[in-house]
Amino acid sequence: MNVQETLSVQVKKAVKNLYQVELESVEFQPTRKDFEGDITLVTFPMLRQIKTNPVQLGEAIGQYLVEKNPEIQKYNVVQGFLNIVLADQYFLNFFGRIKDDANFGKASEYAEAIMVEYSSPNTNKPLHLGHIRNNLLGYSVAEILRASGKKVYKTQIINDRGIHICKSMLAWQRFGNGETPETSGLKGDKLVGNFYVKFDKAYKEEISYLLAQGKTEDEAKAEAPIIKDAQEMLRKWEAGDKEVVELWKTMNQWVYNGFEETYQKLGVDFDKNYYESDTYLLGKNVVAEGLEKGVFYRKDDGSVWIDLTDEGLDEKIVLRSDGTAVYMTQDIGTAIQRVQDFHINGMVYTVGNEQDYHFKVLFLILKKLGYEWAENLYHLSYGMVDLPSGKMKSREGTVVDADDLIEEMTATARKISEELGKLDGYSEAEKEELYRIIGLGALKYYILKVDPRKRILFNPEESVDFQGNTGPFIQYTYARIQSILRKADFDYSQPILDYNLNDKEKQLIKQLQLYPETVQLAAENHSPALVANYTYELVKEFNSFYQNVTILGTEDETEKKFRVQLSKSVGEVIKSSFELLGIQVPERM
RNA sequence: GGUCGCGUAGCUCAGUUGGAUAGAGCAUCUGCCUUCUAAGCAGACGGUCAGAGGUUCGAAUCCUCUCGCGAUCACCA
């Protein structure tokens, strides 16, 4: 039982004794910094049941608690707030329990299994900043869910088929001259992306030609020879045409190799890849079953629909009149497939908020089909990453390329580190690894610290900060702590039970105490931002402690040991929470 | 037009069961390296919480309306 629960019971008892009233609920909050105290009882809500004034009530309860609970040192009352000061012993006991707990804050057992999908790239172009946000968010949420006590499988769905890849393939055939990643020296995804752009250019030329011939825009777009050729190529692919399938495999493989390189640099990974070419036919039989159950209905033209007007939504098509699948069909089938493959009891889809409606409908359909795990589906809907000029568009070249961005961040980290020149004794390889950790830390923290739902405005002209509320600031604090631990060449392992805490030390312990509930809250809300902000608060407290209190310089042995222990624990929690964000921490910087 | 989301300091963001005088970082300004790493610390400046009503002891937070921004509403993905 934590303090709040214990106090809650005691407050109820106090009120019963003093006023003969059974309280419905007891409300606590952390004491604000400007007042003395560690936890505060809000007495306003009690006034509904107890006829007295808030100050008298606070005094009465305060007195009762001090007498009955040895962990309470004293109290003060301000208006309807009873500020309670807990004894040092209480904090020392808590710290003693966690100081050697390597798993502090994280669950050690798995209650249930779920899957997190956090990437769904098209194989016709390289990854950009939008994908980075998607990847980082999903990876982090997967880690947070695992820490909160779930078995987690990470997956991506690769959109490897469709008209988009055919466009790249066609352009490669026409303009490629047999170019490969090897001959061109280009990363495979970049090479294929270039041909996508070339296709678009040729397509646009044909459209303007047709417009000049007097066609309408719609006609021109539909009749341009190159788009018809691409559609023909898609038909051939679906028919299993050998030559087309061969080219498709080759170019997709180039892209996969390129993606893998980017994922590795980003530090994200997957337990299982699903490919759309394998899943795009799934779901049709489920639609048939749903028809029989009456969940869906067939229109005269043969198309199949679901009526969601009762839920305030529209009618939605689930099968075309020619019997082919739409995206929804596929997603229904894939979801069922995944549950079978992994025996999971739920899924998190990390997909941009432009698809809010799609997932609302998907989840509803799966519920109506009677899958009990449909209750545990969650769309982790994140805001778009926009540029000052507006939306990123691959075809118009207004994208922030993922690889380029990672490289720029690393370069900035290199520049700053070299200016500061604190890395004597590091080899070139060690330095490069460090620049990568810092650069990536800055990028990841920058993206993860904001609420997933909010859109991010990324200005390429203004570089990402390395000072203040940033990844490097937190990494720097970790490195400082490690420096202290390297210098603490004495045994500081024994628990310290009798000690007078100063204000900074107490603040730090209180912040450490919040870690487990922060992890749980972040899991419930699918929000790495909560972990990021928690860590920032912890680090700010530590830096204040570090700068205002001497750690190794003190004469008092107990004090010295305790401060080293405290520093070590703070370092461990920084490392632990940054692992949840997918950010590494350095020994020096 | 319907639906959903967002609107907090010049800029980027916290503020999650409704609680005390709305908090950080960046930018600007002032101090602090002869002590454990100054990517730091201590401080100053900066607010009509988009606006108007309502709910109540109390609202940035809950409800209604208005304004602004974005997304979505296809036999597209």
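Hydrogens, waters and symmetry mates are skipped; everything else that's a heavy atom, side chains included, is used. Per chain, numbering begins at 1; letters A, B, ... match sequence-line order.
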Q. Got a salt bridge between D386(A) and R455(A), using NZ or NE/NH1/NH2 to carboxylate O under 4.0 Å?
A. yes

**Report entry** Whole-angstrom distance between U56(B) and C63(B), as gauged at atom C1'
**Finding:** 13 Å

Please tell me if R32(A) has a side-chain N or O lying less than 4.0 Å from either OP1 or OP2 of A20(B). yes

Atom NZ of K540(A) and atom P of A24(B) are separated, to the nearest Å, by 6 Å

Judged by nearest nucleotide, the residue sitting upstream toward the 5' end of RNA chain B, Q355(A) or L420(A), is L420(A)

Assigned chi class of C57(B) under the 90° convention is anti

Checking N1-N3 plus N6-O4 or O6-N4 for Watson-Crick, or N1-O2 and O6-N3 for wobble, each under 3.5 Å, the partner of G25(B) is C11(B)

Using the P atoms only, state how far U61(B) lies from A38(B), rounded to an integer number of Å. 43 Å

Under-4.0 Å salt bridge between E238(A) and R235(A): no

- Using a heavy-atom cut-off of under 4.0 Å over every strand shown, decide if S381(A) touches base, sugar-phosphate, or nothing. nothing

With the side chain defined as heavy atoms from C-beta on, S483(A) is closest, among C26(B), C36(B), A71(B), to C36(B)

Just checking I484(A): base, sugar-phosphate only, or nothing, at a heavy-atom cut-off of under 4.0 Å? sugar-phosphate

**Study point:** Gap in Å between the two P atoms, one belonging to U28(B) and one to G15(B), rounded
**Key:** 27 Å

Applying the 3.5 Å cut-off to both distances, the Watson-Crick or G-U partner of C65(B) turns out to be G51(B)

Across the strands shown, which category fits V564(A) at heavy-atom distances under 4.0 angstrom: base, sugar-phosphate, nothing? nothing

Result for side-chain hydrogen bond (donor to acceptor under 3.5 Å, both in side chains) between S381(A) and one of T350(A), D356(A), N353(A) points to D356(A)

In whole angstroms, the gap separating C1' of U72(B) from NZ of K391(A) amounts to 11 Å

Scan K487(A) against the nucleic acid and name what it touches under 4.0 Å (heavy atoms): base, sugar-phosphate only, or nothing.
sugar-phosphate

- Just call it for I438(A): base, sugar-phosphate, or nothing, with non-hydrogen atoms closer than 4.0 Å on any strand. base

Can you tell me whether the side chain of S544(A) and the base of A42(B) have a donor-acceptor pair closer than 3.5 Å?
no

Taking A77(B), A71(B), A20(B) as options, the one with an atom nearest any side-chain atom of Q29(A) is A20(B)

Using the C1' atom as the point on both nucleotides, what is the distance between G46(B) and G23(B), in whole Å? 13 Å

Between A77(B) and D331(A), counting only base atoms on the nucleotide and side-chain atoms on the residue, is there a donor-acceptor pair under 3.5 Å? no

Take Y445(A) and F473(A) through the test ring pair (Phe, Tyr, Trp, His ring centres under 6.0 Å) and record every step on the way to the result.
-> CA-CA 10 Å; Y445(A) 189 87; F473(A) 167 67; 9.0 Å; no

Testing A20(B), C36(B), C6(B) for proximity to the side chain of K454(A), the answer is C6(B)

Please classify the nucleic acid contact of F28(A) as base, sugar-phosphate, or nothing, using heavy-atom distances under 4.0 Å. base

Closest heavy-atom pair, F545(A) versus S567(A), reported as atoms and distance to 0.1 Å, is CE2-OG, 4.0 Å

Looking at A38(B), does its base get a donor-acceptor pair with the side chain of Q467(A) below 3.5 Å?
-> no

Scanning all shown strands, the Watson-Crick or wobble mate of G46(B) with both distances under 3.5 Å is none

**Asked** Is the shortest side-chain N to carboxylate O distance from D307(A) to K316(A) below 4.0 Å?
**Response** no

Check: So what does N83(A) touch, heavy atoms closer than 4.0 Å: a base, only the sugar-phosphate, or nothing?
Finding: base

_Please tell me if R486(A) has a side-chain N or O lying less than 4.0 Å from either OP1 or OP2 of C36(B)._
no

Just checking D386(A): base, sugar-phosphate only, or nothing, at a heavy-atom cut-off of under 4.0 Å? nothing

Under 4.0 Å: is that the gap between some side-chain N or O of R453(A) and OP1 or OP2 of C13(B)?
-> no

With the side chain defined as heavy atoms from C-beta on, Y476(A) is closest, among C6(B), G40(B), A71(B), to G40(B)

Note to self: What's L530(A) touching, base or sugar-phosphate or nothing? Going by heavy atoms closer than 4.0 Å.
What the structure shows: base

To the nearest angstrom, the CG-C1' distance between L552(A) and U35(B) comes to 11 Å

- Message: Using a 4.0 Å heavy-atom cut-off, does M384(A) contact any base of the nucleic acid, only the sugar-phosphate backbone, or nothing at all?
- Response: nothing

**Prompt:** Expressed as a whole number of Å, how far does the C1' atom of G1(B) sit from that of C62(B)?
**Reply:** 28 Å

Comparing V450(A) with F466(A), nearest RNA chain B nucleotide closer to 5' gives the residue V450(A)

Is there ring stacking between F81(A) and A20(B), where the centres must be under 5.5 angstrom apart and the planes under 30 degrees? yes

Going by atom types alone, do Y75(A) and E59(A) pair a side-chain donor with an acceptor below 3.5 Å? yes

V326(A) has its side chain closest, among A77(B), C57(B), A20(B), to A77(B)

Q231(A) CD to A77(B) P, in whole Å, measures 13 Å

Between CG of D322(A) and P of C76(B) the distance, given in whole Å, is 9 Å

Original post:
Which whole number of Å gives the distance between the C1' atom of A44(B) and that of A39(B)?
Top reply: 23 Å

When both distances are under 3.5 Å in a Watson-Crick or G-U wobble arrangement, the nucleotide paired with A60(B) is none

**Prompt:** With a 4.0 Å cut-off on heavy atoms, is E27(A) in touch with a base, just the backbone sugar-phosphate, or nothing at all?
**Reply:** base

Item to complete: Using a heavy-atom cut-off of under 4.0 Å over every strand shown, decide if P45(A) touches base, sugar-phosphate, or nothing.
Response: base

**side-chain N/O Y327(A) vs A77(B) OP1/OP2, d < 4.0 Å** = no

When K510(A), K33(A), R32(A) are each screened for salt bridge (Lys or Arg N to Asp or Glu O under 4.0 Å) with D38(A), the one that passes is K510(A)

Check: If the P atom of G58(B) is compared with that of C6(B), how far apart are they to the nearest Å?
Finding: 27 Å

* Asked: What do you reckon, is NZ of K506(A) surrounded by more than 12 foreign heavy atoms closer than 6.0 Å?
  -> yes

Once you measure the plane-to-plane angle for Y446(A) and F458(A), does it fall in the parallel (<30°), tilted (30-60°) or perpendicular (>60°) bin? perpendicular

To the nearest angstrom, the CG-P distance between N543(A) and A39(B) comes to 11 Å

Worksheet item: Is N548(A) touching bases, backbone alone, or none of the nucleic acid, heavy atoms closer than 4.0 Å?
Response: sugar-phosphate

Open item on the list: Within the 4.0 Å heavy-atom criterion, would you say T470(A) contacts the bases, only the backbone, or no part of the nucleic acid?
Closed with: nothing

message: Using a 5.5 Å cut-off between ring centres and planes within 30 degrees, is Y536(A) stacked on the base of A24(B)?
response: no

Rounded to whole Å, the CG-P distance (D314(A) to C4(B)) equals 13 Å

Here the distance between atom C1' of G5(B) and atom NE2 of H379(A), to the nearest Å, is 12 Å

>> Quick test of the criterion, 5.5 Å between centres and less than 30° between planes. Is F44(A) stacked on G19(B) or not?
In response: yes

